[in-house]
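None of the values given here were measured: they were computed from a predicted structure. Chain identifiers are assigned alphabetically (A, B, ...) following the order of the sequence lines, protein sequences preceding nucleic acid strands; residue numbering begins at 1 within each chain.
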Amino acid sequence: MKKTLILSSLGALAGLLMLGNVASSADLKIGIMVPTTGSEATYGKDMENAINLAAGEINKAGGVLGMKIVTMTGDAACDPQQATAAASKLVSANVNGVVGGYCSGATLPTMKIYGDANIPLVIPAANSTKLIGINPGNAFQINSTGFDQVKTAVSLFKAKGINKLAIVHQGDGYSEDLAKLTREKWTAMGKEVVAYEVVNKGEQDQSALVTRIKSKAPDAVFWTAYYADGAMVIKQLRQAGYRNLIAVGDGSNSPKLLKIAGKAAEGVYCFSNPTVEYLPAAKAFHANYKAAYKQDPDAYAALSYDGMKLLADAITRAGSTDKAAIIKALAATKDFTGIAGPISFTDKNTLARSNFVILVAKDGKWILNK
Amino acid sequence: MSIQDILLQQLANGLILGSFYALVALGYTMVYGIIKLLNFAHGDLYMLGAFVGFIALSFLSDYIGDGWAGIVCSMVLSMIAVGLLGVLIQRIAYVPMLSAPRLSILITALAVSMVLYNGVMAFTDGQYLAFTTDLNYEGVQLGNVFVTNTQMVLVGSSLLLMIVLYLFVHKTLYGKAMRAIAIDQDACRLMGINVNKIIALTFFIGSSLAAAAGVMAGTYYGSIHFFMGFIIGLKAFTAAVIGGIGSIPGAMLGGLLLGLLEAFGTQIPFIGTEWKDVFSFGILILLLVFKPTGILGKTEIERM
Amino acid sequence: MANFSDTLGEWLRPQKNRMFILLVLAAIAMLIPLASSNYVLEVMTNVWFYVMLCLGLNIVVGYAGLLDLGYAAFFAVGAYTTGILTSHFGVNFWLTIPVAVCCSACAGLLIGGPTLRLRSDYLAIVTLGFGEIVRIVARNLEITGGASGLIGIERPSIFGFQLNQIVHFYYVFLLLAILACFVSYRLQHSRMGRAWQYVREDEDAAEAMGINRVAVKLYAYVIGAIFGGVAGCFFAVKMTAISPETFMFQQSVLILLGVVLGGMGKIPGVIIGAFALVLFPEVFRGLGSMRMLVFAIVMLIIMLYRPEGIWPAKKS
Amino acid sequence: MSNTILEINNLETHYGKIHALRGISFTVEAGQIVTLLGANGAGKSTTLRAISGLVRATSGTIVYRGEDITGKSAHDIVKTGLIHVPEGRKIFKGMTITENLELGSFTLDDDAERKRRMEHVFETFPILYERRSRDSSFLSGGEQQMLAIGRSMMTNPQLLLLDEPSMGLAPFLVQQIMKIVLQLNKEGVTILLVEQNAKVALKLADYGYVLETGKIVIQGDAGTLQQDESIVKAYLGE
């Protein structure tokens, strides 16, 4: 019995050693690091789909430098430990570049791994400002950072004549970062943050929080976290008779928020990176995506698609698969035309322009606020 | 809002939330009372209940709409289906473990829980589903306290279910047999009571109560997902322990108490909502240190 | 099969043969980095890390028979101690270890002290609550970096050599795991180990024999906590970023699963449990979203067919 | 032999590795009071537990009213009128006396009949009637024994297995319990009585068996056994 156990564990080890050598050397290997399991799997799969769609189009058009793109996915599961394993897996497979990064918290510890291997990393979604500080230089954020989002948010609040603001986040890296930045900026402007709250992820009943917020009589409530719990907070705020402005961050930009919150979501503002519906350049992408995956692309599909295209473009410009050359080419990107808008980088490898738009919910749909 | 209004509103919030916790805690406590098993899968049965209710409602809404009639019908269907699943789980996973070490049974329960929620995750792709009904937000203003009709119906039905359960356990022969099994299984056998059957019945009732709570949560909060059972499972477990695990009135009391603690926990000066759970867990630990068997629990000596 | 295992058991009895097996296994473990990719190393490092955590929890659960559903808290205390001291105060990593040991021992005392007279199920909820409290505190305080956690924790160096590559951490964690095995083994066969066994099997009889059961249980908590704390220190520098999400209830459950799955109270069993815990989800990555479902089902089947774990401790 | 209500052949049981019964055989005639005697650990309680289905027989047969009931589950055996009042009474503490009695008639569907039987129990034990809605854990030892016997009467027993009904009771209470046993027997219930108090048991019984380490060593009419001073001294003790 004991020996069989030892043998089988050795067998498992041997099996493990075999893993990770699939693609042939003549291909261009691109890693995708997104959560494909866990609570954020929906977004992860959406991003994976969009990246694969882009890779497919590139291959159809002849590939990159004559090589076909082969993608491989590492499941980050929105969990730091699993994300580091996924990153190591991609690094071991000798990928030429990686597109990915959805949950900021899970992306943070992988930065070191990609940095050590000097692998070009294009981050389409994760946008905690913490990512900027620890970027060793190989990572490029094509989603606007939290700084840009706060700017957009504050401009809306100012335009609406708001003074007393309530901020609610969800106790994860991304939403706390956004909440904190907003609070700093708002108080620096001499305005008041009357409530700064946090809810537990997955907790459904928010009545106590709602009562607390209502008692502070804010002019606006800003939800900085994801749509699923956001929808419930909005619904319960409206149910309890809160009638003032509600705004949500880019993590809540989903048609599902409107579906879950129903009528309560009417008039809610959302700061968002441009999603497919508002991008004239993305019409073809939308149709292709729908044809390929039988569903509408979600919030980060367009940026993920752009990320893959940008990486391919940079490799073409670099003229080789040399990692340092690709990184150099990425940094030198000048007005790359993505479907989500032109991409250039600052000296900190973040998107040079703010791509945030303001949406507003009307008749169960997000429309551009004008 | 004046401070009295806020406190009154929080009282209402706490009672509403608490009646919900109580409903889920009942299932925990019933199963524990009989076979001394902490059924970690209970929260997941709540989640499954919501999903079954969702599926049932999407079929039924074509015939009877998604108003109260549809909700009640899908709730009953969900209660039956999840109740049977509870019995199946007991048969497959817990019956063979009855003579195993206590920790192994606990781990088996954790494994069952993982099977259930990972199963639902795999089949729903981890998506949040919108549980749409045509319920509105109208309600009653009692002084400065606002309660929606839906909330009242939900609290009413959980109270009703609890009363029905209480009557069942205390007034019917089967209910008395359940209590007797918790006291002495051998003696029950000698009374002609088929112990396994009664335990299965307990699982059925406990699971269907969780399913009822799940469907209520789905209709009230408007969204369901594979992970929704986790937090409520944790809270219901806490409520059951606060009240004294194994005791049915204890579960009700514990649920209400926890609901109130959480509601008022957000109102403590200088302490924000972020400390709410620290507050309730802290009280729980203090309570157990000074009254180790919970409020209504019986003292008994037991080892792992 | 029975015959074979009997002969094997017979052969394993002499100390010399057992040492031989151990040396072969250790040599294999040492040589793994020569023939494997970073990914395998990352996974194996994770295995050694969980071996250490599981052995630590095994002291509480396996040796002393106390249920603990909040073990991740001790691991969090260690990780945050190192993280805070190195990044806020610039303390050398190696100096943070004794501090982390003290802090986690205190945490062990804090949770063990008032709760040891509770029944096992109540102990479960109290330890669970304690674990949640630690996580929420870490999430809410400024000094712990709030929900984003601490990032950019410095990698340590030893005699001027910086531990930077995954292969360095592989050896560090392998050494830690071996050390944990050694300490566990010595503890199990010490006076304390026997006291734990008596208390686990019959508390009242143990008391009658003059064993101070509260002190004995407290030792189990404190020593288990120190294992977790030290593992946490190295975890922090390996990941360079820690956040409260790592220390959720699920983490505690995972560690407990490793202990019970392998066979609690038995060192090789616990090691196998840790292996199963880490390797299974990795090997079955190809299953995609069904992976965790399959993992859970396999675990359930193992529990049903071997309720005392894959390699249980012998009955005394 | 047509009047034999219970026939045990070569019954053996094991508790784990302990060989508790090593092949015992005996019979109980309908309408009689039969007693099983023996020292502590001789296997008296185990015999009763095996007959009522709480313990599985590893070999041998148990024939009750001509039907082989070996291996039947305890709750099914109850339906045949074979009732076991276990050692230590095992009443449901925390439940009222009425509830305890109701559970005694769990197998009965007829509410009127249940009520009739309960009245009969209350007639037999007026003290139980007085305390009918009280928590049974507050009853004295004698009252608990009465409740245990009363509870078994609720099933309308044909054969009653009584395990140590006198244990821990004051002498006058023992007398009272034995009187009730006799009365039950007069009502037509066959009784298999396990007792440590051999004197009391033999006074009551028609026939007796003496058990020693899982085997029957002596049997005979109660009167004969009672007379045999050497037996009383050697096996029954005082």
Close contacts, residues 235-244 of chain C versus chain A, judged by heavy atoms under 4.5 Å: C:F235, C:M239, C:T240, C:A241, C:S243
Considering all heavy atoms, the nearest C:E245-A:G173 contact: OE2-N, 4.1 Å
A:S128, part contacting chain C, at a heavy-atom distance under 4.5 Å: neither
Residue part contacting chain C, namely of A:K45, when any heavy atom lies under 4.5 Å: side chain
Separation between CG of A:L108 and CD1 of C:I151, rounded to the nearest 0.5 Å: 5.5 Å
Under 3.5 Å donor-acceptor, C:S37 side chain and A:S92 backbone: no
Closest-packed option against chain C by number of heavy-atom pairs under 4.5 Å, given A:A87, A:G171, A:A86: A:G171
Between CG on residue A:D79 and CD on residue C:Q250, distance to nearest 0.5 Å: 9.5 Å
C:E282 to A:A85 - nearest heavy-atom pair and separation: OE2-CB, 4.0 Å
C:A147 backbone acceptor or donor facing A:E176 side chain under 3.5 Å: yes
CD-CG distance between A:Q82 and C:N46, expressed to the nearest 0.5 angstrom: 9.0 Å
Chain C contacts, top residue of A:D75, A:V91, A:T73 (heavy-atom pairs, under 4.5 Å): A:D75
Engaged part of A:D116 at the chain C interface, taking heavy atoms whose separation is under 4.5 Å: side chain
CD1 on C:I136 to CG on A:N200, rounded to 0.5 Å: 6.0 Å
From OH (C:Y50) to CD (A:Q81), nearest 0.5 Å: 4.0 Å
Under 4.5 Å from a heavy atom of chain C, the part of A:K130 involved: both
